Each structure stands twice: as C-alpha cells, then as structure tokens.
Amino acid sequence: MRTILPVFAVLLAGAGLAQAPTYELIGSVSQVMIRIIYPTSDALFYIERAPPKTEVEWNAIRNQALTLAESGNLLMLPGRAPDQGNWIKDTKMMMAAARAAYKAALAKDMAGILAQSDALTESCVACHRQYRPDYGKK
Ligand code: HEC
C-alpha cells in the first residue's frame, strides 16, 4: 500500500490537469428543442387543457417543469452555447420561469404555473429572434 498510494495520487492529479470533458453531447440544439424543450414547455403552457387532479398527474407536470428547467444547463454546455452573452441570458430567463413553475407544481398551484407563461414565451422568442436561423421568415 505504501508504494501504491502515491502513484494513485499522481495519476489522479494528472487526470485533473488533462481537463477531459466529463459530459457528452448527444443531440443537436434542434433535437434538444424538439424532444425536450418543446414538449415540456407545452405541458406547462397548455396545462388547462387537462388540469392535473391526482398525485400522478401532478407528478407528471412536475417532471415536465423540472426537465425544462434543467434543460437550460444542456443549452449552456460548451459545444452548444455559441457565446457567453445573450445565449446565456436568454437561457437563464427560461430556467428562472421553469424553476418558478416547478415550485408552483410542487404546491399544486396551476395559476402559479400559468403566471410563468409570459416570461417563458419571452425567453423562447428572445433567443429565437437572435439565434434561430430564418426566424420569422417561415
Ligand atoms: C438560448 C436559446 C434558446 C432558447 C431559450 C430557446 N430556444 Fe428554441 N431554438 C434555439 C435555436 C438556436 C434553434 C434553431 C436550432 C437549429 O435549427 O439548429 C431553436 C429551434 C427551436 C425549435 C425548432 C426546432 C427545429 O429544428 O425544427 C423549436 C420547436 C423550439 N426551438 C422551441 C423552443 C421553445 C418552446 C422554447 C422556450 C420554452 C425555446 N425553444 C427556447 C434556441 C433557443
């Protein structure tokens, strides 16, 4: 043990210095939008179409809200974020609204979720206006 431990310490320090990314990008930004952000935000925007009543239904909404909030972290990963300016600002706007919606969902507060709709929409539009190719031209 006495000889092995220092070797381990050196190996660990070396691994730290190499800074190999510990994450892997799987989907494109477009796929993250279509598969994660679009369906989860829709579940919040249109919650009134099928208002949750049971614990199971509320948990489904909580899942959507937390997934949406955390998806902001996916957008900010190096390799996805094109800059550290408005991209991050717009993402954080989305995360703040989704986080507040998640808190409301924990409290089974549908009005509280709907109260975030405008801020949520604003975050989508602000980012799309600047970064989405051909935005508004379709
Ligand atoms: C930080 C920036 C950012 C935010 C915030 C954002 N988007 Fe996007 N979104 C993009 C970009 C960039 C594209 C274009 C992706 C491409 O075509 O490669 C896009 C594309 C999309 C698309 C079309 C995907 C396709 O390829 O057809 C949908 C749907 C979409 N976003 C939904 C949303 C919704 C809903 C929200 C808000 C809840 C949102 N986005 C918030 C950056 C953002």
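Read the numbers this way: they start at 1 and go in the same order the structure lists the ligands and their atoms. Note that the structure is a prediction, hence the values are computed from the model and not measured. Throughout, residue positions are numbered sequentially from 1 according to the sequence presented.
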Considering only N, O or S atoms of His128, the one closest to atom 8 (Fe) of ligand 1: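 Atom 8 (Fe) of ligand 1 is closest to the His128 atom NE2, counting only N, O or S.
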Asp90 N/O to ligand 1 N/O under 3.5 Å: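 No, Asp90 has no N/O under 3.5 Å of an N/O on ligand 1.
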Of the listed options Met94, Met33, Lys89, closest to atom 6 (C) of ligand 1 (non-hydrogen atoms): Met33
Distance-only, no hydrogens or angles: does the Gln116 side chain make a donor-acceptor pair with backbone N or O of Ile113 under 3.5 Å?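 Not at all, since once roles are kept as given, no pair shorter than 3.5 Å links the two residues.
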Would you check if the side chain of Tyr23 reaches a backbone N or O of Pro78 as a donor-acceptor pair within less than 3.5 Å?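 Yes, because the side chain of Tyr23 sits within donor-acceptor range (under 3.5 Å) of the backbone of Pro78.
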Close side-chain approach of Leu68 to Tyr102, heavy-atom, < 4.5 Å: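 SC-SC contact between Leu68 and Tyr102 ruled out.
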Under 4.0 Å from any heavy atom of [X], which atoms of ligand 1 are there?
X	answer
Ser41	35 (C), 38 (C)
Pro133	14 (C)
Thr91	1 (C)
Cys127	1 (C), 2 (C), 3 (C), 4 (C), 5 (C), 42 (C), 43 (C)
Ser123	5 (C)

Residue part near ligand 1, for Ile34, under 4.0 Å between non-hydrogen atoms: side chain
Which bit of Ser28 is near ligand 1, meaning a heavy atom under 4.0 Å away: side chain, backbone, both or neither? neither
For residues 45-65, pull every pair meeting salt bridge (Lys or Arg N to Asp or Glu O under 4.0 Å), keeping only residues two or more places apart or in separate chains.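 Qualifying pairs: Glu55-Arg62, Glu55-Lys108.
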How close do Thr91 and Gly72 get, counting heavy atoms only, and between which atoms?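 Taking Thr91 first and Gly72 second, the nearest heavy atoms are CG2-O, 3.3 Å.
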For Phe45, all residues meeting ring pair (Phe, Tyr, Trp, His ring centres under 6.0 Å), sequence neighbours excluded: none
Using the ring of each side chain (for Trp, its six-membered ring), is Tyr131 parallel, tilted or perpendicular to Trp87, with breaks at 30° and 60°? perpendicular
